[in-house]
There are 2 protein chains.
Amino acid sequence: MSDNLQLEKQLCFRLYSLNKLMCRLYAPVLKELALTYPQYLVMMVLWQYKTGISIKDLGIKLDLDSGTLSPLLKRMEKQALLKRNRQKKDERVVVIKLTQKGIELQKNAEHIPAKMFAVTGLTFEKLQSLNQELDQLIENITD
Amino acid sequence: MSDNLQLEKQLCFRLYSLNKLMCRLYAPVLKELALTYPQYLVMMVLWQYKTGISIKDLGIKLDLDSGTLSPLLKRMEKQALLKRNRQKKDERVVVIKLTQKGIELQKNAEHIPAKMFAVTGLTFEKLQSLNQELDQLIENITD
DNA sequence: AACAATTAGGTTGCACACAACTAATTTGCA
DNA sequence: TGCAAATTAGTTGTGTGCAACCTAATTGTT
């Protein structure tokens with residue numbers, strides 16, 4: 001009786017659990033920066049695009065739609081981390097740009113990747129190969 | 001300039017993205033059963049515990065607390081998939097038990113694991129080893 | 001130029017997750 | 001036995017995700 005409907009056999013359940021565990025691991029660290037986990041992901045993109053990025057492109061990077069990003073960015077603007085401005089050339093486009101406060105927050109975040117890597121208990125080689133396997137899986141299931 | 005604050009380098013972002021992708025892959029399949037993704041996970045546990053399981057134990061299996069499970073189970077009860085009953089011996093405990101409708105839904109779900117496995121594009125061996133690696137990671141970061 | 005189709009972003013409604021708290025019940029220990 | 005501590009669910013409030021829909025601006029075609 002090969003019952004395949006078992007939680008323990010599901011790859012999807014492992015990904016679901018691991019994502020939640022990761023969020024919980026990051027939560028206390030990010031609390032010091034007054035960021036939620038998705039907000040931290042947004043900040044990582046913005047730290048790489050200090051000249052600004054459109055909400056559309058931000059959505060492509062993070063794989064999130066406007067229904068999620070619009071209110072999220074509004075909350076971050078309220079925290080004075082970023083500004084939103086309509087693009088002159090195309091009034092449909094809203095460009096997101098970090099404020100000075102948002103830029104300076106990067107200094108306080110720089111220790112996080114190493115800290116979290118340590119928590120995973122993986123060797124650097126293991127991490128690299130796991131990342132590769134997950135990238136392959138992402139590619140496979142992305143149409 | 002080894003900028004470690006890059007989205008592309010983060011294991012956590014891959015897990016975050018993969019979890020979302022998985023949910024989206026399951027959504028249309030689960031829609032036929034009128035289930036959401038977390039509800040499907042609950043059903044998988046209940047199909048294994050047809051004699052009933054307490055909300056606490058369900059929470060341990062799924063790694064979810066009462067703040068999530070209480071309203072979720074209430075919605076599922078409204079759909080007549082399950083019943084909640086206080087335990088006689090210990091009135092604090094609520095036991096969740098499938099209704100006939102809930103039990104019969106299993107037949108309609110039995111094709112899902114094979115279907116989703118196919119979508120991953122992984123060989124069975126690859127799936128097994130990935131599952132093992134993720135289990136290892138879960139163990140490492142679970143205190 | 002005129003107008004349909006496309007594009008970018010926003011809004012609404014619903015379903016999670018989870019922190020923080022409350023209420024009811026049971027347990028354990030002085 | 002009496003009562004503080006622990007246990008189990010439930011509630012409230014906030015922040016995502018996402019489907020479905022809307023508005024405004026731009027583009028493409030005739």
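Convention: sequence-line order gives letters A, B, ...; per-chain numbering from 1. Predicted, not measured: the structure shown is a model, and the values here were computed from it.
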What's the closest nucleotide to the side chain of [X] if the choices are [options]?
X	options	answer
B:Arg92	D:dA6, D:dG17, C:dA15	D:dA6
B:Arg86	D:dG17, D:dT16, D:dA9	D:dA9
B:Ile55	D:dA9, D:dG15, C:dG9	D:dA9
B:Thr68	D:dG10, C:dC18, D:dT16	C:dC18
B:Val93	C:dA19, D:dA9, C:dT11	D:dA9
B:Leu64	D:dG10, C:dC18, D:dT26	C:dC18
A:Leu72	D:dT16, C:dT11, D:dG10	D:dT16
B:Pro38	D:dC18, C:dA17, C:dT11	C:dA17

Can you check the [X] [atom1] to [N] [atom2] distance for me, whole Å?
X	N	atom1	atom2	answer
A:Gln87	C:dT7	CD	C1'	13 Å
A:Arg84	C:dG10	CZ	C1'	9 Å
A:Leu58	C:dG10	CG	P	11 Å
A:Asp65	D:dA20	CG	P	12 Å
B:Lys89	D:dT7	NZ	C1'	18 Å
A:Leu69	D:dA19	CG	C1'	15 Å
B:Leu73	D:dT8	CG	P	16 Å
A:Leu25	C:dC18	CG	C1'	15 Å

Original post:
How are the rings of A:Trp47 and A:Tyr40 set relative to one another: parallel (under 30°), tilted (30 to 60°) or perpendicular (over 60°)?
Top reply: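 Geometry flag for A:Tyr40 against A:Trp47: perpendicular rings.
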Original post:
How are the rings of A:Phe117 and A:Phe124 set to each other: parallel, tilted or perpendicular (split at 30° and 60°)?
Top reply: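 Aromatic pair A:Phe117/A:Phe124 classed perpendicular.
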Original post:
Does a sphere of radius 6.0 Å around NZ in B:Lys83 hold more than 12 heavy atoms from other residues, nucleotides or ligands, not counting ones at 6.0 Å or beyond?
Top reply: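 No, NZ of B:Lys83 has 12 or fewer neighbouring heavy atoms, counting only those of other groups under 6.0 Å.
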Original post:
For atom OH of A:Tyr49, is the number of surrounding heavy atoms from other residues, nucleotides or ligands below 6.0 Å larger than 12?
Top reply: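 No, because the 6.0 Å sphere around OH of A:Tyr49 holds 12 heavy atoms or fewer from other groups.
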Original post:
Does the side chain of A:Tyr16 get closer than 4.0 angstrom to OP1 or OP2 of C:dA17 through an N or O atom?
Top reply: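 For C:dA17, OP1 or OP2 has a side-chain N or O of A:Tyr16 closer than 4.0 Å.
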**OP:** Give a yes/no answer on whether the side chain of A:Lys20 brings an N or O atom under 4.0 Å of OP1 or OP2 in C:dA17.
**Re:**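 Checking A:Lys20 against C:dA17: no side-chain N or O falls below 4.0 Å of OP1 or OP2.
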Original post:
Relative to the 5' end of DNA chain D, which residue comes earlier, B:Lys74 or A:Gln39, by the nucleotide with the nearest heavy atom?
Top reply: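 On the 5' side of the pair lies B:Lys74.
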Subject >> Upstream residue (5' side of DNA chain D) when B:Lys31 and B:Ser54 are each assigned their closest nucleotide >> reply: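 Result of the comparison: B:Ser54.
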Subject >> Flag for A:Gln106-A:Lys50: side-chain donor and acceptor within less than 3.5 Å >> reply: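 Short answer, yes.
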Original post:
Run the side-chain hydrogen bond (donor to acceptor under 3.5 Å, both in side chains) check on B:Glu104 and B:Gln100 step by step: do they pass?
Top reply: CA-CA 6 Å; B:Glu104 283 169 4; B:Gln100 194 56 36; 3.2 Å; yes
**OP:** Would you kindly check whether a donor in the side chain of A:Ser66 faces an acceptor in the base of C:dG10, or vice versa, at under 3.5 angstrom?
**Re:**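 Checked by distance alone, the answer is yes.
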Original post:
Is the base of D:dG15 touched by the side chain of A:Thr36 through a donor-acceptor pair closer than 3.5 angstrom?
Top reply: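 Per atom types, no contact qualifies.
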Original post:
DNA chain C: B:Tyr37 or A:Ala27, which has the more 5' nearest nucleotide?
Top reply: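 Nearer the 5' end of the strand: B:Tyr37.
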Original post:
When the nearest nucleotide of DNA chain C is assigned to A:Arg24 and to A:Asp57 on a heavy-atom basis, which residue is associated with the more 5' position?
Top reply: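 Counting from the 5' end, the first nearest nucleotide belongs to A:Asp57.
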